[in-house]
Amino acid sequence: MKDYFFQDTIGKPMDRVDGRVKVTGAAKYSAEIELPNMAHGVLVGSTIAKGRIKNIDTKAAERAPGVLAVLHYQNAPKVPGYVQAAHPTEPKPIGQPHRVFYDDKVYFNDQPIALVLADTLERAHYAAKLVKASYEEEKHTTNFAKNTDKAILPTAAKRNPRHGLNDYVRGKEDAYKNEPLKIESEYVIPSEMHNPMELQAIVAHWEADDKLTVYDKTQAVIGTQNAFAREWKIPVENVKVIATYVGGAFGNGLHTWPHETAAIIGAKKLGRPVKLMLTREQMFTMVGYRPHAWQKVGMSATPDGKITAITHEAIGQTSSYEEFTESTLQQTRMMYTSPNVTTRYRILPLDISTPIWMRGPGEATGAFALESALDEMAHVLKIDPLEFRLKNYTERDPEKNLPWSTKFLKEAMLMGAEKIGWSNRPMQPGTLRDGEWQVGYGMGVGTFGAHRGRATVKATLYPDGKVVMQCATTDIGPGTGTAMVQIAADNLGVAPEQITFELGSSLFPPSPSQGGSATVASVGSAVRAASIALKQKLASMATGNADSGFRGAKFEDLTFQNGQVSLNNSPGTKLTYSDILKQQGLPELEVTEESKPGEERQKYSLYSYSVHFAEVKVHPLTGQARVTKMVSCADAGKIVNMKTAGNQMIGGAVGGIGMALTEGAVMDVRFGRYVTKDFAEYHVPVHADTPPVDVIFVDKPDFISTPMGTKGIGEIATIGVAPAIANAIFNATGKRVRELPITPDKLI
Amino acid sequence: MNQFQYVRPTKNKAAIDTVTKDPNATFIAGGTNLLDLMKRGVVMPEKLVDINKLPLRKIEKESGAVRIGALALNGVVAEDKLVLEKHPLLAQALDAGASAQLRNMATVGGNMMQRTRCPYFYDTALPCNKREPGTGCSAIEGYNRMHAIFGFSDKCIATHPSDMGVALAALDATVLVSGPKGDRKIPFVDFHRLPGDTPQIETNLQKGELIVAVDVPENNFAKHAHYLKVRDRASYAFALVSVAAALDIENNTIKDARLAMGGVAHKPWRLTEAEKALVGKPVSEHTFRQAAEVAMRGARAFEHNQYKLKLAPNSIVQALKTAAGLA
Ligand SMILES: Cc1cc2nc3c(=O)[nH]c(=O)nc-3n(C[C@H](O)[C@H](O)[C@H](O)COP(=O)(O)OP(=O)(O)OC[C@H]3O[C@@H](n4cnc5c(N)ncnc54)[C@H](O)[C@@H]3O)c2cc1C
Ligand code: SF4
């Protein structure tokens with residue numbers, strides 16, 4: 001087999017294909033789309049967490065200059081596809097997205113209760129301030145800590161005893177409890193907001209009564225298309241979703257949200273296009289977030305460092321109308337050799353908006369508890385935490401009882417340890433200093449399923465040698481378009497400059513949503529399949545031509561390179577792709593190929609792995625903690641582009657620093673309302689919080705995962721970072737902080 | 001944001017007259033605070049008097065003081081040679097505030113006048129005595145992590161967010177004001193008020209009065225001055241606690257001292273008793289610890305700001321150590 005992989009463009013740090021249009025501002029994001037006769041919408045949010053709207057006074061708003069309409073549950077056009085039921089959790093076991101302007105009920109604070117439509121954005125904002133509502137308030141439940149006893153097993157698990165969200169017991173249940181050497185700790189993370197730079201925005205346009213076009217910030221072009229077709233009871237092909245550029249999303253574009261439907265309702269009412277962009281404040285309530293979670297880990301081990309049992313429990317919050325769940329406890333079930341493992345996952349419905357996966361999703365939450373607990377256990381055992389992890393390293397998946405497809409985590413751990421200078425780590429916490437500052441080192445491991453979905457790519461070759469490929473995936477920032485061009489270039493034997501990869505439109509062949517680190521695996525495999533199909537067509541044309549010199553040659557006898565095909569054993573016999581098309585008199589050559597995972601997924605257990613190392617300094621008087629060095633290592637199969645993949649790892653590490661040290665949305669539970677909802681009060685890390693991040697890739701292909709040997713990166717870049725930092729802080733100070741973020745008040 | 005008129009006078013008098021006569025008119029300088037408040041609907045002026053054309057940008061020596069015009073930009077003052085030479089404490093405090101972008105818009109007058117960052121003040125859906133007198137204080141039994149430990153009242157426990165102000169309080173600055181009744185000078189420590197029963201009134205500036213400059217008198221603290229700001233991230237966050245510390249040291253003995261704290265009260269909090277506890281004492285961590293204890297007398301915390309009772313004295317010690325060259 002010819003291993004195309006280790007040559008040509010793949011793996012090279014190629015510049016982003018859309019870099020120039022992005023930095024010059026030529027790229028148009030959803031909120032920048034201008035349509036003729038477009039109106040602007042601004043949402044008014046409720047000021048209570050639960051109850052009924054008694055009255056909405058819109059008179060002043062309607063009289064304000066430029067206002068076209070003020071819509072609310074009493075006068076908004078009905079959404080035909082909204083399930084009719086008294087309470088939204090009734091019709092479906094896991095609830096349904098909030099039905100905007102459906103009735104007078106309020107389910108969470110800042111729920112959209114009215115839409116002001118005006119001729120300019122400013123006028124819409126002004127009038128929105130004039131809308132006044134009065135309520136019949138009901139007692140709300142928003143205090144997570146006080147209500148953990150009301151947590152429930154997710155309905156999906158109740159319905160299906162084999163569902164992965166059910167309780168899991170390997171060996172003996174809660175076996176750690178009877179062991180002499182054990183730890184038991186509780187961990188809490190606050191709600192975190194994705195807060196991508198680009199605010200959520202949509203331009204909705206009814207091109208005909210039953211034909212809808214939306215320019216929408218989303219990670220799921222096809223999912224969004226289907227959702228709106230269902231909501232409006234129109235054929236799927238009548239809904240067009242465009243998301244050419246997405247300015248970061250981190251998961252909050254994986255669901256459709258009330259503001260999107262509100263804009264579509266507005267466009268319906270006015271008979272003109274409507275643009276609606278959320279404010280930063282609304283990004284805390286009108287789209288999802290990483291749910292507040294409580295966890296408890298019990299762990300026991302032998303004196304020489306073999307883990308004997310782990311019990312890991314988690315409760316994550318969700319809304320009253322939708323059951324959001326995530327796989328918080330996955331890593332605990334498969335990462336270490338422990339013969340006894342128990343996991344229990346629960347959700348706690350509160351009168352708040354629905355959460356959604358946020359980068360590294362549940363796995364990052366779970367890893368904070370598990371990897372902190374490992375550090376605590378190692379400390380009790382007086383064993384180096386790296387050695388402790390290596391002692392409990394598994395060469396086979398103990399949960400599924402399957403071999404790993406590939407696993408080079410040990411290599412990653414050793415490379416990372418070397419790079420951070422792990423040998424400087426003192427065994428005794430609080431003993432290493434740099435001047436006044438206490439110094440410490442910590443590590444954390446992350447893992448995420450190496451997922452792959454079904455995707456289709458259309459590829460068209462033109463007589464000038466140019467290739468256009470199309471797929472309905474998005475590029476929310478990882479450099480999807482760039483990676484696809486590289487994969488196409490290598491598989492097709494065409495220079496990357498000749499290839500255009502078009503994405504972000506429902507007019508293109510389908511792709512899964514861009515989540516779960518699966519885009520390169522899913523769409524990349526389809527790009528490869530389309531490339532091979534194109535080559536096969538070229539081959540049959542070349543070999544079918546009597547006087548081409550290729551007559552009778554088989555596909556395997558041919559080399560495809562530099563836009564030409566040649567005979568392996570007679571390199572002088574060659575034809576350019578253009579020549580083949582011209583000879584055939586073809587204006588273009590087109591293929592559409594679908595690619596999907598196969599039965600390898602029943603035979604192997606597939607994961608990506610990461611390990612993060614942090615050096616921190618903590619000031620003993622002021623409690624300020626600084627990450628002074630960070631090393632992130634990934635075993636993510638073959639790396640398609642060192643530069644964009646490196647960017648992913650750095651971004652993930654910065655997200656992890658935020659999770660560990662700065663981020664957390666605070667709710668005043670008396671009102672059920674967030675009190676830190678702008679960038680002055682919700683602290684994402686700034687440059688001064690982030691040291692240069694050293695990124696190391698093991699870069700070994702996993703051909704069981706995909707034909708390119710790739711596995712996902714996006715999630716593992718964040719999973720395990722927060723515990724690495726928390727563990728380093730313990731090593732520096734002897735203080736174990738189990739509630740994030742670790743702000744100065746917790747360290748003095 | 002509400003609708004408003006906008007004027008841009010070129011003479012102080014015209015600006016003062018407009019604001020004096022129109023009850024709903026207000027000055028706007030850099031706009032970095034006022035515009036945010038208008039967008040949130042916290043304040044709704046009907047007329048904005050843009051003062052950027054007024055001749056108030058100079059930084060100069062004037063009768064033994066450095067006189068800084070009210071429109072001098074925070075970023076410019078922080079890098080001004082005269083300021084760096086005479087009052088490095090002020091430059092450090094300004095540099096610790098906000099972000100480079102904001103400092104390039106924010107003015108010295110606007111900085112003094114900025115409003116609290118209490119989240120309830122910003123959320124028009126929730127009660128707040130400062131925004132709407134008589135509605136109640138949401139912070140007292142709510143999220144009060146950023147709130148005061150000194151000088152608060154049962155009406156309001158907010159803190160003043162300015163960093164610059166903490167240095168000005170320590171450095172005995174004077175605010176020069178021009179108003180409908182003429183010019184006057186207000187000692188900086190008397191410029192801001194404690195909340196008492198009227199938390200909505202934050203300064204002793206009268207309607208129509210324009211800040212024209214601030215004078216920072218000559219002193220002997222330039223060699224041993226430090227502004228320490230402890231915050232939730234390494235940069236671009238308001239102070240949990242900040243300390244302006246200035247020492248005049250001779251033969252390892254403290255001849256004179258200035259000390260003020262931020263993030264602890266409704267105004268920049270000058271610590272005169274602690275200063276007295278420093279004077280005449282040897283430079284040592286022990287001395288600083290004792291002064292910190294004096295400084296903390298009378299401090300009282302709420303549910304979420306208990307940590308300030310420890311962080312504040314720790315920060316005083318650390319700031320003094322750094323000022324003295326011990327850290
Ligand atoms: C995200 C963010 C972070 C920040 N972080 C910090 C920080 O860490 N530390 C810090 O100290 N500050 C911080 N700030 C606040 C910033 O310093 C102030 O917004 C700024 O100093 C205000 O100056 P301005 O000229 O923009 O005032 P404006 O917004 O124009 O005005 C503010 C007020 O002052 C009045 N005013 C202005 N000039 C005069 C005058 N000459 N006479 C009388 N009244 C006048 C106006 O009427 C208005 O009421 C931050 C601000 C933001 C938005
Ligand atoms: S502390 Fe002051 S500003 Fe904050 S809610 Fe209370 S009254 Fe309002």
Side-chain angles (χ1 to χ4, degrees), chain A residues 45-48 64-65 109-110 122-123 125-126 128-130 133 279-281 435-437 619-627 657-658 661-664 666-671 673-691 741-748, chain B residues 1-4 36 38-41 44 98-99 102 117-120 122-127 138-139 141-146 161 228-238 240-243 285 289 292 304-319 321-322 326-327:
Chain A
S46 73
T47 56
I48 63 160
N109 215 318
D110 206 29
E122 292 73 14
R123 287 172 148 181
H125 268 294
Y126 172 59
K129 284 259 180 321
L130 302 176
T279 62
R280 183 58 67 187
E281 220 177 317
E436 294 188 330
W437 295 77
H619 197 282
L621 278 185
T622 63
Q624 295 180 101
R626 301 274 181 268
V627 181
I657 291 172
L661 297 182
T662 61
E663 291 185 53
V666 180
M667 181 173 275
D668 184 328
V669 293
R670 295 170 305 165
F671 307 108
R673 213 168 152 85
Y674 286 112
V675 287
T676 56
K677 48 192 168 185
D678 59 36
F679 275 165
E681 317 294 331
Y682 182 94
H683 297 132
V684 296
V686 295
H687 286 299
D689 294 294
T690 37
I742 307 174
T743 41
D745 48 318
K746 295 178 182 156
L747 291 174
I748 54 165
Chain B
M1 192 182 297
N2 62 310
Q3 299 198 336
F4 56 85
D36 276 357
M38 289 170 68
K39 284 186 200 162
R40 299 273 189 105
M44 302 199 196
S99 65
L102 282 158
R117 290 280 156 173
C118 173
Y120 304 101
Y122 270 79
D123 187 341
T124 53
L126 301 179
S138 293
E141 285 175 10
Y143 177 64
N144 43 37
R145 181 169 175 268
M146 302 297 288
L228 172 71
K229 183 176 181 186
V230 183
R231 43 190 151 177
D232 280 332
R233 61 182 164 192
S235 174
Y236 196 25
F238 289 97
L240 299 170
V241 162
S242 69
V243 180
E285 184 156 348
R289 203 27 94 180
H304 302 285
N305 66 353
Q306 292 287 337
Y307 72 93
K308 288 192 182 182
L309 298 180
K310 190 161 178 203
L311 182 60
N314 278 3
S315 301
I316 291 173
V317 172
Q318 182 62 19
K321 276 170 73 181
T322 315
L326 293 189

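Remember, predicted model here, so these are calculated numbers, not experimental data. Proteins come first, then strands; the chains are lettered A, B, ... in the order of their sequence lines, and each starts at number 1. Computation of the quantities below employed the complete heavy-atom set of this structure, encompassing side-chain atoms and omitting hydrogens, waters and symmetry-equivalent molecules.
- Residue A:Val675 touches chain B through both its backbone and its side chain, counting heavy-atom pairs closer than 4.5 Å.
- Annotation: maximal heavy-atom pairing with chain B below 4.5 Å, among A:Val686, A:Thr662, A:Thr279, occurs at A:Val686.
- Looking at B:Leu311, the atoms closer than 4.5 Å to chain A (heavy atoms on both sides) sit in the backbone and in the side chain alike.
- For the atom pair B:Met146 CE and B:Phe238 CZ, the distance stands at 8.0 Å (nearest 0.5 Å).
- Looking at A:Phe671, the atoms closer than 4.5 Å to chain B (heavy atoms on both sides) all sit in the side chain, from C-beta outward.
- Remark: side-chain polar atoms of A:Lys129 are paired, donor with acceptor, to backbone N or O of B:Lys39 under 3.5 angstrom.
- Within the 4.5 angstrom heavy-atom criterion, atoms from both the backbone and the side chain of A:Ile748 approach chain B.
- The side-chain hydrogen bond (donor to acceptor under 3.5 Å, both in side chains) search around B:Lys321 returns A:Glu436, B:Glu285, not counting sequence neighbours.
- Looking at residues two or more places apart in sequence or on another chain, you find no salt bridge (Lys or Arg N to Asp or Glu O under 4.0 Å) involving A:Asp689.
- The shortest distance between side-chain heavy atoms of B:Glu141 and A:Arg670 falls below 4.5 Å.
- Taking B:Cys118, B:Ala98, B:Ala125 one by one and counting their heavy-atom pairs under 4.5 Å with chain A, the maximum is reached by B:Ala125.
- The closest donor-acceptor contact from the side chain of B:Arg233 to the backbone of A:Val684 lies under 3.5 Å.
- To the nearest 0.5 angstrom, A:Asn109 atom CG is 5.0 Å from A:Ser46 atom OG.
- Of the atoms belonging to A:His687, not a single heavy atom falls under 4.5 Å from chain B.
- Contact annotation for A:Thr690: neither backbone nor side-chain heavy atoms come within less than 4.5 Å of a heavy atom of chain B.
- With a 4.5 angstrom heavy-atom cutoff, A:Val669 does not touch chain B via any of its atoms.
- For B:Tyr122, no part lies near chain A; criterion is any non-hydrogen pair under 4.5 Å.
- When B:Lys308, B:Gln3, B:Arg117 are compared by the number of non-hydrogen pairs under 4.5 Å with chain A, B:Gln3 comes out ahead.
- Heavy atoms of A:Pro65 lying under 4.5 Å from chain B belong exclusively to its side chain.
- Looking at A:Arg673, only its side chain comes within 4.5 Å of chain B, counting heavy atoms on both sides.
- With rounding to the nearest 0.5 Å, the separation of CD1 in B:Ile316 from CG in A:Leu621 is 11.5 Å.
- With B:Tyr120 contributing its side chain and B:Tyr143 its backbone, the two residues share a donor-acceptor pair below 3.5 Å.
- Of the listed residues A:Ala688, A:Ala625, A:Gly623, the one with more heavy-atom pairs under 4.5 angstrom with chain B than any other is A:Ala688.
- Using a 4.5 Å cut-off between heavy atoms, B:Pro127 touches chain A through its side chain atoms alone.
- Neither the backbone nor the side chain of B:Thr124 comes within contact range of chain A, judged by heavy atoms closer than 4.5 Å.
- Counting only heavy atoms from C-beta outward, the side chains of A:Pro691 and A:Ile657 approach each other to under 4.5 Å.
- Between B:Arg145 and B:Asp232 there is a salt bridge, since a side-chain N of the basic residue sits under 4.0 Å from a carboxylate O of the acidic one.
- Per-residue counts of heavy-atom pairs under 4.5 Å with chain B were compared for A:Arg123, A:Glu681, A:Glu122; the largest is that of A:Glu681.
- The pair A:Lys677-B:Asp123 meets the salt-bridge criterion, with a side-chain N (NZ, NE, NH1 or NH2) lying under 4.0 Å from an Asp/Glu carboxylate O.
- Contacts with chain B were tallied for A:His125, A:His619, A:Met667; A:His619 has the most, counting heavy-atom pairs under 4.5 Å.
- Interface remark: A:Glu281 contributes side-chain atoms only to the contact with chain B (heavy atom separation under 4.5 Å).
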